[in-house]
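Notes follow once the structure below has been shown.
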Amino acid sequence: MSALKSNDAVVAMHWFRKGLRLHDNAGLLYALSLAKGNNDANKVGKFYPVYIVDPNCYQLLKCSVNRAKFLLECVQDLHSSLKVRGSRLYVVTGDPVEVLPKLWSEWGVTNMTYDADETGEPYSVERDGAVQKVAMQMGVEMMAFQTETLRPLGNVPGGYVANLGGLASNAPSTMSSFQQLLSRIDRGNIPVPLAAPKKADFPQHSNVDDDEKYLPLEHPWDIPWPRGYKRNEIGPVWDRKDCLNASLRPIVPGGETIALQRLEQVVTARPDWTASFEKPKTSCTEVSSPSTTVLSPYLSLGCISPRTVWHAVADATKRASSKTNRSKPPVSLHGQILWRDFNNLMAHSANAQNPGSWGRMEGNPYCRSVPWSSDPKLLAAWKGGRTGYPWIDACMAQLRSEGWIHHLGRHAVACFLTRGDLWQSWEAGADHFEGELLDADYAINNFNWLWLSCSGFFYQYFRCYSPIAFQKKNDPNGNYIRKWVPELANLPAKYIYEPWTANISILNAAGVKLDKNYPRPIVDHAIVSKENMNKMSLAYDMHKDQQAGGNGASSIKSDGSPPKKKPKTQTKLK
DNA sequence: TAAGAGTTGTAACC
DNA sequence: GGTTACAACTCTTA
């Protein structure tokens, strides 16, 4: 595409949204090359790297204190890294659709690069569409770069959909068929990440100023709420005091610099560990140092690029001892990055078929209809870690405190909320996770909720996690519970997973007062899990009927009653 | 059309 | 600690 509109020097802007990094950032490099005038001294222009704190953005509206802290740290780190290179970050607050045109006029911007959102996330689609419209009117040339997945998702050269005949609805819906698709694109080779720009790559003597008006925000309470926002109505409920609450400690600090250090420490420096990594075998009982990489928060905001992680894992694996067993996708570390691309492709495909459907049950081509209940009390108990099942409550406490839970803990609480126990919609769970998780990601979060609730991609609903047995097997002494549910810390190991089975003298000795400082179970897992399996079975039968060409009517008798289907686990109900 | 595979279940048995 | 029944899902492939 033509970059220059006239003989004038270019004024280039790079709009950081996700992709909060300097390394492997094609859009940033392209903007810099434009501003440098292809090294023609007469054509050296200006370069403005910009981040917009957008209070309307879903990231801020659903955002927990932890996530706001993490985001601001990422932005601050970007500013520092740019300053080292003789530049700076311009941080502006407001709606991008209003803010960008002002900056374009003020600075005379001719070109703007940004990282594309290919998943079709509704807020991004709406925002970017509106910005593009204004840019067109103002003659600002916008250029999007696909850099947040190993390969572009869409119908562009090297993209997944381009290798599916250009039809997103042809996207593979299983991990193995996804891996085959990837292996057909350039024989499965993953492009090498681009280096971060050096000081010499920035146009010098241009526009570096210390205008305090554009400094990064320091504290989460500096973020203004959108106009008309009413506390407690929607989104986060926090103020300055909440932000200073010492119990809220993100599991990792934000920023590209720390992300790259962490990659070095956990992957590069541990070749044997990296080569033999198997996700299902990692521990969800750790109370001090996590058993996985905890790179996901950085990937979700693009502090580190997936290609960078991919190649670091490949290099470390090459250096591993010959005696070390090499794990393979989907359980290996490469597998984890592949899952990420697969999930992104599914989001892209769902939204290409029906815009905005990926985060919902209704109209989502990958989601089965399940008649979930809606009980605010059960949902609140789950969110607040007051279900009466210590392992579930411990996970929810860690989520609230650190913005992170081990993958298997997420499985446990997601299964519990949906098909396992509470029979609440996965949408409600996904919504809560999106606000609380540091690594909240539209594609991946919704994919996993579809999976765990057996609404899509995973269908073995008879495999159900027990909120007691699963973790008892991993952590017999209940150390994880003792840390995150301190009310139960003094219970003997025998009762730590089921405090209601202890007699009153044992409870008294441990300082546990059921219904007072710790709740009794809100449901009986042994009973509801069986009932729920029968409900899932009926929902699946309805789905089959619809697949067969009907509208599910054959499952409903003329009097409106459900079919007399023999419950498959009837014999176990007693 | 049937067989096989599917990142990570549970409980009972030896 | 390994094996098996539980009651049986869907999607892909041959």
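Model, not experiment: these values are computed from the prediction. Throughout, protein chains are lettered first and strands after them, A, B, ... in sequence-line order, and every chain is numbered starting at 1.
Every residue two or more places apart in sequence or in another chain that forms a salt bridge (charged side-chain N to carboxylate O under 4.0 Å, His left out) with Asp439(A) is listed here: Arg410(A). Listed by chain and residue number, nothing satisfies the salt bridge (charged side-chain N to carboxylate O under 4.0 Å, His left out) test with Arg184(A) (two or more places apart in sequence, or in another chain). Residues satisfying the side chain to side chain contact (heavy atoms under 4.5 Å, CB included) criterion with Asp431(A), sequence neighbours excluded, are Lys62(A). Considering only residues two or more places apart in sequence or on other chains, Glu286(A) meets the salt bridge (charged side-chain N to carboxylate O under 4.0 Å, His left out) condition with none of them. Scanning for salt bridge (charged side-chain N to carboxylate O under 4.0 Å, His left out) contacts around Glu402(A) gives an empty result, with sequence neighbours left out.
For Trp451(A) and His411(A), the distance between ring centers is not under 6.0 angstrom.
Residue pairs meeting the ring pair (Phe, Tyr, Trp, His ring centres under 6.0 Å) criterion with at least one member in residues 157-185 of chain A, sequence neighbours excluded, are Tyr160(A)-Phe178(A), Phe178(A)-Phe342(A). For residues 317-338 of chain A, there are no salt bridge (charged side-chain N to carboxylate O under 4.0 Å, His left out) pairs, not counting sequence neighbours.
At whole-Å resolution of the value, CD in Gln180(A) and C1' in dT12(C) are 9 Å apart. Taking atom OH of residue Tyr497(A) and atom P of nucleotide dA11(B), one finds them 14 Å apart after rounding to whole Å. dA12(B) atom P lies 12 Å from atom NZ of Lys472(A), rounded to whole Å. The interatomic distance linking Asp541(A) (CG) with dA8(C) (P) rounds to 10 Å, in whole Å. As rounded to whole Å, 12 Å separates atom P of dC11(C) from atom CE of Met346(A).
Using atom P as the reference point in both dA5(C) and dT7(B), the two lie 24 Å apart (nearest Å). One C1' atom belongs to dA8(C), the other to dT4(C), and the distance between them is 15 Å to the nearest Å.
Remark: DNA chain B forms stems of 3 or more consecutive Watson-Crick or G-U wobble pairs, all pair distances under 3.5 Å, at B:1-6 with C:9-14, B:9-14 with C:1-6.
Using a 4.0 Å heavy-atom cutoff across all strands shown, Arg410(A) reaches no nucleic acid atom at all.
Salt bridge status for Arg151(A) with Glu118(A): absent, with no side-chain N to carboxylate O gap under 4.0 Å.
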Going 5' to 3' through nucleotides 4-10 of chain B and flagging B where a protein heavy-atom sits under 4.0 Å of the base, S where only the sugar-phosphate is that close, and - otherwise, we get --BBBBS
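Between Ser173(A) and dT12(C), a side-chain N or O to OP1/OP2 separation shorter than 4.0 Å is present.
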